[in-house]
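Okay, so here's the structure we're looking at.
Lettering of chains follows the sequences in order, A, B, ..., and the numbering in each one begins at 1. What you are looking at is a predicted structure, and each value in this text was computed from that prediction instead of being measured.
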There are 2 protein chains.
Amino acid sequence: MGRPRTRDWDDLRRALLDAAGRLLAAEGPQALGTRRVAHEVGTSTTAVYNLFEDKAGLLRAMFLDGFAALEERFARVPVDGDPEADLLALGHAYRAAARADPHRYDLMFGRPIADFRPDEADLARIGGTYDTLLRAVARCVDAGRFGPADPADIAAHLSALVHGLASLELRGALGDEECADRRWRLALEAACRGHHPEPAG
Amino acid sequence: MGRPRTRDWDDLRRALLDAAGRLLAAEGPQALGTRRVAHEVGTSTTAVYNLFEDKAGLLRAMFLDGFAALEERFARVPVDGDPEADLLALGHAYRAAARADPHRYDLMFGRPIADFRPDEADLARIGGTYDTLLRAVARCVDAGRFGPADPADIAAHLSALVHGLASLELRGALGDEECADRRWRLALEAACRGHHPEPAG
DNA sequence: AGTGTTATGTAACAGCGTTGCGTTACAGTT
DNA sequence: AACTGTAACGCAACGCTGTTACATAACACT
């Protein structure tokens, strides 16, 4: 009983998420008002509070969506080639994701928007993204391309590096595109080289 | 002529900045309301708009203050020892600054607060901090510790790495303190090793 | 004293996230 | 067919924010 839903919940939820994603990409985080997002899909603020708990819930859903997209990019990276080349390809996929939607990247790895910090449950759901990196590092270690070390330590190093590079690039601190290309390449190569086993010793 | 200032402008400006810094460190960015900061030093919101242009101006001043503090830490790092050891010491000074005031670090290198993005004039004023890193890298290149390369490219690499490490650590993604210590050390050492000249070639 | 000029706090305005309340629209009952 | 209970929905208000217009206050000078 009760009044029937005039719009399907899942459809409306997706519509809100898509609209919010468009607004975020086009105008930045300050465009993500509850009234604005709701109006964009022809509903009212109430829908946001019914479908997500509150505005932070909407941001959390966008956060998780972003990691799903990143994981999809990672999944398209081959895992059967040269282990080190695969690892570099993961880094470039990460860069492509950041450049494809800079504001979304800020939402995922910075915290440009108040009132939202991912909790433990969120971090558990995005662990798969980190696992992909970890497995790629482990393959390099197993293949003897990296000296004997805890793959988690190397993964932490590389994950910090790509995040730092992406942050600098999105801030415009890596120079023009050609210069940024070179610095990404040099930095990733140097980082990998730093883990190569000693030639003698 | 005109009404005399009941408080010295420079004193009041410093008091506002200090109060804002205390609030930011203690309660995070959401505590930085104009009313709150003004009340903390016994004045009114008007003072913020007289002494800084607006709230973004207050944040900009805190931003520049943060870089002044970072530059001070850098200045205490010796520049006459082993070039590579000096470079690592710079990295650890950067880490110490981030850990000393995490929210301030976010203000400087993330963008946790809407309505403030550093403009070109701001970036020019903080260029000295980056120059310190650049000089340390150049000393390593000149000493033959790093293979022949553009010091700016190596500096970009290292700057991205320390920023990434600091971000991960402040997010708690680097594990407990002992683990974070190890990962900072391993990552900085591997990054430097990656720039060492080829033994033969 | 009176006036001009400047410093300062108060109060209002528009916007935000959020929520209570009235309205709408159907299912089941009489 | 009329009624009622329940669920969905939107409007409007609340408290907060940054910002600004305005009234007030306090001096120097005539």
Side-chain angles (χ1 to χ4, degrees), chain A residues 1-17 19-20 23-24 27-63 103 107 111-119, chain B residues 1-17 19-21 23-24 26-63 103 107 111-119:
Chain A
M1 24 187 141
R3 178 175 176 170
R5 291 186 276 277
T6 179
R7 305 182 65 163
D8 183 58
W9 276 26
D10 289 342
D11 286 354
L12 186 51
R13 190 185 152 92
R14 264 260 66 86
L16 283 169
L17 276 174
L23 286 172
L24 179 65
E27 304 181 36
Q30 80 284 356
L32 289 182
T34 52
R35 291 168 178 82
R36 179 82 188 277
V37 174
H39 183 76
E40 205 77 13
V41 301
T43 181
S44 193
T45 64
T46 312
V48 176
Y49 290 88
N50 285 343
L51 295 171
F52 311 90
E53 188 163 352
D54 50 10
K55 185 186 177 181
L58 173 63
L59 298 178
R60 168 172 297 110
M62 299 176 69
F63 172 88
H103 287 122
L107 174 61
R111 50 203 110 96
I113 304 175
D115 308 337
F116 169 63
R117 272 189 54 95
D119 59 19
Chain B
M1 24 185 139
R3 176 176 177 170
R5 292 187 276 275
T6 179
R7 304 183 65 163
D8 183 56
W9 276 23
D10 289 343
D11 287 354
L12 186 52
R13 190 184 152 92
R14 265 259 66 87
L16 283 169
L17 276 174
L23 286 172
L24 179 66
E27 303 181 36
Q30 80 283 355
L32 289 181
T34 53
R35 291 168 177 81
R36 179 82 188 276
V37 174
H39 182 76
E40 204 77 13
V41 302
T43 180
S44 194
T45 64
T46 313
V48 176
Y49 290 88
N50 286 343
L51 296 171
F52 310 91
E53 188 162 354
D54 50 10
K55 185 185 176 180
L58 173 63
L59 297 179
R60 170 172 295 109
M62 300 175 70
F63 172 88
H103 288 122
L107 174 60
R111 54 205 108 95
I113 306 175
D115 308 337
F116 169 64
R117 273 192 47 98
D119 57 20

Rounded to whole Å, please give me the gap between [atom1] in [X] and [atom2] in [N].
X     : N      : atom1 : atom2 : value
A:Q30 : D:dG18 : CD    : P     : 16 Å
B:R36 : D:dT17 : CZ    : P     : 9 Å
A:L59 : C:dC16 : CG    : P     : 15 Å
A:L58 : C:dG17 : CG    : P     : 10 Å
B:D8  : C:dT8  : CG    : P     : 10 Å
A:Y49 : C:dG20 : OH    : P     : 12 Å
B:L51 : C:dA7  : CG    : C1'   : 11 Å

Does any part of the side chain of B:P29, heavy atoms only, come nearer than 4.5 Å to the side chain of B:L24, both counted from C-beta?
yes

Should B:L58 and B:L51 count as side-chain neighbours, where that means a heavy-atom distance under 4.5 Å?
no

Could you pull out all donor-acceptor pairs under 3.5 Å where a side-chain atom in residues 35-46 of chain B meets a protein atom, sequence neighbours excluded?
unit_1	atom_1	unit_2	atom_2	d
B:R36	NH1	B:E27	OE1	3.3
B:R36	NH2	B:E27	OE2	2.8

Go through the structure and list residues passing salt bridge (charged side-chain N to carboxylate O under 4.0 Å, His left out) with A:R60, not counting sequence neighbours.
A:D122

side-chain hydrogen bond (donor to acceptor under 3.5 Å, both in side chains) pairs touching residues 4-14 of chain A, sequence neighbours excluded, are A:R14-A:D18, A:R14-A:D65

Could you run down nucleotides 6-15 of chain D 5' to 3' and tag each one B, S or - for protein heavy-atom contact under 4.0 Å?
BBBSBB-B--

Contact list for residues 44-63 of chain B, test ring-ring contact (aromatic ring centres under 6.0 Å, His included), sequence neighbours left out
B:F63-B:F67, B:F63-B:F116

Backbone N/O of A:L32 and side chain of A:K55: donor-acceptor pair under 3.5 Å:
yes

Using rotation axes that map the C1' atoms of four end pairs onto the next four (five pairs an end), what angle separates the end axes of the helix from C:dA1-D:dT30 to C:dT30-D:dA1, to 10°?
40°

Measure the CZ-CG distance between A:R117 and A:L59 for me, rounded to the nearest 0.5 Å.
14.0 Å

